[in-house]
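Chain naming here is simple, since letters A, B, ... match the order of the sequence lines and numbering starts at 1 in each. No hydrogens, no waters, no symmetry mates; every other heavy atom, side chains included, goes into these values.
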2 protein chains.
Amino acid sequence: MAAALTRGLTAEGFVVDVCRDGPSGLEAARFGGYDAVLLDLMLPGMSGYTVVRTLREEANWVPVLVLSAKDGEYDQADALDYGADDYLTKPFSFVVLLAKLRALVRRDPVPRPTAVQAHGIRLDPATREVTVDGAHVELAVREFAVLERLLAASPAVVSKEELLDAVWGDAAEGVNIVEVYVGYLRRKLGRERVETVRGVGYRIAP
Amino acid sequence: MAAALTRGLTAEGFVVDVCRDGPSGLEAARFGGYDAVLLDLMLPGMSGYTVVRTLREEANWVPVLVLSAKDGEYDQADALDYGADDYLTKPFSFVVLLAKLRALVRRDPVPRPTAVQAHGIRLDPATREVTVDGAHVELAVREFAVLERLLAASPAVVSKEELLDAVWGDAAEGVNIVEVYVGYLRRKLGRERVETVRGVGYRIAP
DNA sequence: ACCCCACCTGAGAGGACCCTGAGACCGCTG
DNA sequence: CAGCGGTCTCAGGGTCCTCTCAGGTGGGGT
């Protein structure tokens with residue numbers, strides 16, 4: 001199959017390198033400077049999951065398109081949560097593969113971590129897990145949403161109005177509810193983690 | 001289905017607005033300031049293709065996740081080529097939808113306006129951080145606004161009337177308040193940082 | 001040398017802004 | 001039904017920002 005894909009992609013104008021096992025693919029992705037990686041999940045030596053997760057942990061955001069015979073829905077979700085950008089199940093159409101590949105290459109190579117992280121606070125949108133300096137913290141849905149917004153903006157300051165709009169939507173009443181939830185967050189994360197910028201809003205403490 | 005999705009996404013902490021036809025959806029996407037758009041291809045009034053293509057032609061790059069009962073391979077390719085960011089075919093798994101949506105939302109971090117800087121004074125509008133020769137300085141909202149204006153104009157001189165108009169607006173009373181706030185700034189930044197040009201105004205000292 | 005006027009500043013009133021405890025409401029669970 | 005966790009409103013109280021005012025200072029023109 002690697003040979004067939006190489007032929008097809010080359011005919012479409014792509015320049016293709018092939019690796020035949022996990023470790024060598026990881027090595028190539030690390031240092032090859034590729035525009036995109038086409039990754040099979042079933043690899044000798046190292047699973048595709050491990051490859052993509054390792055890359056992301058190393059802050060390598062090369063676009064990864066995962067390719068697999070598996071088709072359980074949770075496999076897709078898993079691959080995406082591990083940091084893959086897109087997913088194709090075999091048997092797949094070459095036309096679709098081309099379209100997805102082009103879409104990936106078009107994208108800006110901006111860092112896209114699966115988890116948001118700043119100043120000791122880690123938040124994983126997929127698993128709803130939040131840790132502060134490694135310690136696990138339980139958050140309610142609203143609290144989680146507020147923290148997510150603050151982390152996404154960090155180190156910038158987020159106004160109460162923006163938080164209100166992002167978390168409560170247009171039907172929001174007043175900004176006091178934001179103050180209350182920031183209070184809840186401080187109680188759970190630690191008093192100093194969320195900083196008030198008087199007259200402006202809140203931010204994650206540096 | 002819209003109701004079911006709204007319920008599910010709301011439970012996950014998303015804020016959801018629903019539009020039931022193409023034109024109203026397009027309008028909402030244009031002006032709603034959304035983090036992402038979930039778009040069905042089969043819409044009354046205007047096809048989803050048209051919606052996403054129109055948005056892209058208007059240079060609106062809001063992330064779009066297309067959702068459709070169609071499953072021909074060319075539909076997927078078409079949607080992606082029209083500018084959609086990702087694609088899901090019905091019936092789809094809610095877990096996968098969530099994963100894809102999160103991947104889209106975290107894609108592009110908000111572009112931060114760059115910091116203003118002049119003669120040892122650095123001011124970052126996003127983080128509201130002000131440093132003088134590297135030392136951090138705390139400023140109130142009004143003080144910040146005055147300094148921002150002075151820095152933006154630097155090395156030019158800014159008249160009191162212009163500062164008054166820029167910071168206090170039309171309802172301004174007298175220029176003495178400007179003098180008072182320049183005094184506050186000098187106290188915090190250092191006496192020599194803001195220079196008085198008698199009869200004209202103020203400027204950042206060279 | 002003198003004086004006028006632009007500018008500076010300390011004091012203090014008032015209030016905007018923010019935090020928080022108490023409690024109502026709701027849906028879920030045992 | 002009682003208990004509980006999550007959500008939200010409300011009012012009281014503390015902090016510090018904002019602005020006014022009046023008196024002081026000094027530059028520069030005559």
Side-chain angles (χ1 to χ4, degrees), chain A residues 128 130 136-150 157-203 205, chain B residues 6-16 128 130 137-150 157-203 205:
Chain A
R128 298 202 82 69
V130 176
H136 185 82
V137 174
E138 288 291 336
L139 291 187
V141 177
R142 284 282 201 261
E143 297 164 352
F144 187 90
V146 172
L147 179 60
E148 187 175 24
R149 198 70 177 192
L150 286 173
V157 178
V158 185
S159 76
K160 294 181 189 179
E161 287 72 22
E162 190 182 329
L163 282 170
L164 192 62
D165 191 57
V167 178
W168 282 268
D170 297 335
E173 292 284 317
V175 296
N176 176 248
I177 189 62
V178 178
E179 298 162 6
V180 172
Y181 269 85
V182 168
Y184 294 160
L185 276 182
R186 289 210 249 248
R187 206 170 296 174
K188 292 190 175 182
L189 305 179
R191 193 73 16 188
E192 315 306 325
R193 296 289 176 172
V194 184
E195 196 175 317
T196 300
V197 182
R198 220 185 139 81
V200 185
Y202 301 97
R203 72 163 157 197
Chain B
T6 303
R7 225 173 17 249
L9 290 175
T10 303
E12 287 290 326
F14 289 93
V15 175
V16 183
R128 300 194 57 80
V130 176
V137 174
E138 292 288 341
L139 292 187
V141 179
R142 283 285 203 268
E143 298 164 351
F144 188 91
V146 172
L147 178 59
E148 192 172 21
R149 191 71 179 191
L150 286 172
V157 178
V158 185
S159 75
K160 294 181 190 178
E161 287 72 22
E162 191 182 330
L163 281 170
L164 192 63
D165 193 54
V167 178
W168 282 266
D170 299 333
E173 293 284 317
V175 296
N176 175 248
I177 189 63
V178 179
E179 298 163 3
V180 172
Y181 270 86
V182 168
Y184 293 160
L185 276 182
R186 290 210 249 247
R187 201 173 301 172
K188 291 190 176 182
L189 305 179
R191 194 75 15 188
E192 314 306 325
R193 296 290 176 172
V194 184
E195 195 174 318
T196 300
V197 181
R198 229 183 133 78
V200 184
Y202 301 97
R203 72 167 159 192

Rounded interatomic separation in angstrom, taking [atom1] from [X] and [atom2] from [N]:
X	N	atom1	atom2	result
B:Leu163	C:dA6	CG	C1'	16 Å
A:Glu173	D:dT9	CD	C1'	10 Å
A:Leu164	C:dC18	CG	P	13 Å
B:Ile177	C:dG14	CD1	P	17 Å
A:Glu195	C:dC18	CD	P	13 Å
A:Glu161	C:dC18	CD	P	9 Å

Kindly say if [X] contacts the phosphate of [N], meaning a side-chain N or O under 4.0 Å from OP1 or OP2.
X	N	answer
A:Thr196	C:dC17	no
A:Lys160	C:dC17	no
A:Tyr202	C:dC17	no
A:Trp168	D:dT7	no
A:Arg191	C:dT20	yes

Between [X] and [Y], what is the shortest heavy-atom contact and its length?
X	Y	value
B:Phe144	B:Val130	CE1-CG2, 3.7 Å
A:Leu147	A:Leu185	N-CD1, 3.9 Å
A:Ala145	B:Gly13	CB-O, 4.2 Å

(message) In the structure I gave you, are the side-chain heavy atoms of B:Val175 and B:Glu161 within less than 4.5 Å of one another anywhere?
(response)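 They are in contact (side-chain heavy atoms under 4.5 Å apart), so the answer is yes.
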
(message) Among residues at least two apart in sequence or on other chains, which ones pass side chain to side chain contact (heavy atoms under 4.5 Å, CB included) with B:Val197?
(response)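 Once residues adjacent in sequence are excluded, the partners of B:Val197 under the side chain to side chain contact (heavy atoms under 4.5 Å, CB included) criterion are B:Val157, B:Val200, B:Arg203.
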
(request) Keeping the roles fixed (side chain from A:Arg186, backbone from A:Val194), state whether a donor-acceptor pair exists under 3.5 Å. (result)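 Such a contact is found between A:Arg186 side chain and A:Val194 backbone.
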
(message) At less than 3.5 Å, do the side-chain atoms of A:Asn176 and the base atoms of D:dC10 form a donor-acceptor pair?
(response)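 When only heavy-atom distances are counted, A:Asn176 does reach the base of D:dC10 through a donor-acceptor pair under 3.5 Å.
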
(request) Keeping to residues at least two apart or across chains, list the salt bridge (charged side-chain N to carboxylate O under 4.0 Å, His left out) pairs with something in residues 139-149 of chain B. (result)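 Counting only pairs at least two positions apart or across chains, the salt bridge (charged side-chain N to carboxylate O under 4.0 Å, His left out) contacts touching residues 139-149 of chain B are B:Glu143-B:Lys188, B:Arg149-B:Glu162.
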
(message) Using a 4.0 Å heavy-atom cut-off to protein, can you give one letter per nucleotide of nucleotides 24-30 of chain C, 5' to 3': B if the base is in contact, S if only the sugar-phosphate is, - if neither?
(response) -------

(request) Give the B/S/- string for nucleotides 25-30 of chain D, one per nucleotide from 5' to 3', where a protein heavy atom under 4.0 Å of the base yields B, of only the sugar-phosphate yields S, and otherwise -. (result) -BS---

(message) Any residue in residues 178-189 of chain A with a heavy atom nearer than 4.0 angstrom to DNA chain D? Just list them by number, or reply none.
(response)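 Contacts with DNA chain D under 4.0 Å: A:Val180, A:Tyr181, A:Tyr184.
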
(request) Tell me, please, which residues at least two apart from B:Arg193 pass salt bridge (Lys or Arg N to Asp or Glu O under 4.0 Å). (result)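 Counting only residues at least two positions away or on another chain, B:Arg193 forms a salt bridge (Lys or Arg N to Asp or Glu O under 4.0 Å) with B:Asp133.
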
(request) Apply the test side chain to side chain contact (heavy atoms under 4.5 Å, CB included) to residues A:Tyr202 and A:Val178: give CA-CA distance (whole Å), side-chain angles for both, the deciding distance (0.1 Å), then the verdict. (result) CA-CA 10 Å; A:Tyr202 301 97; A:Val178 178; 4.2 Å; yes

(request) Take A:Arg128 and A:Val141 through the test side chain to side chain contact (heavy atoms under 4.5 Å, CB included) and record every step on the way to the result. (result) CA-CA 9 Å; A:Arg128 298 202 82 69; A:Val141 177; 4.1 Å; yes

(request) Enter the distance from A:Lys160:NZ to A:Ile177:CD1 here, rounded to the nearest 0.5 Å. (result)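 One finds 12.0 Å between NZ of A:Lys160 and CD1 of A:Ile177.
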
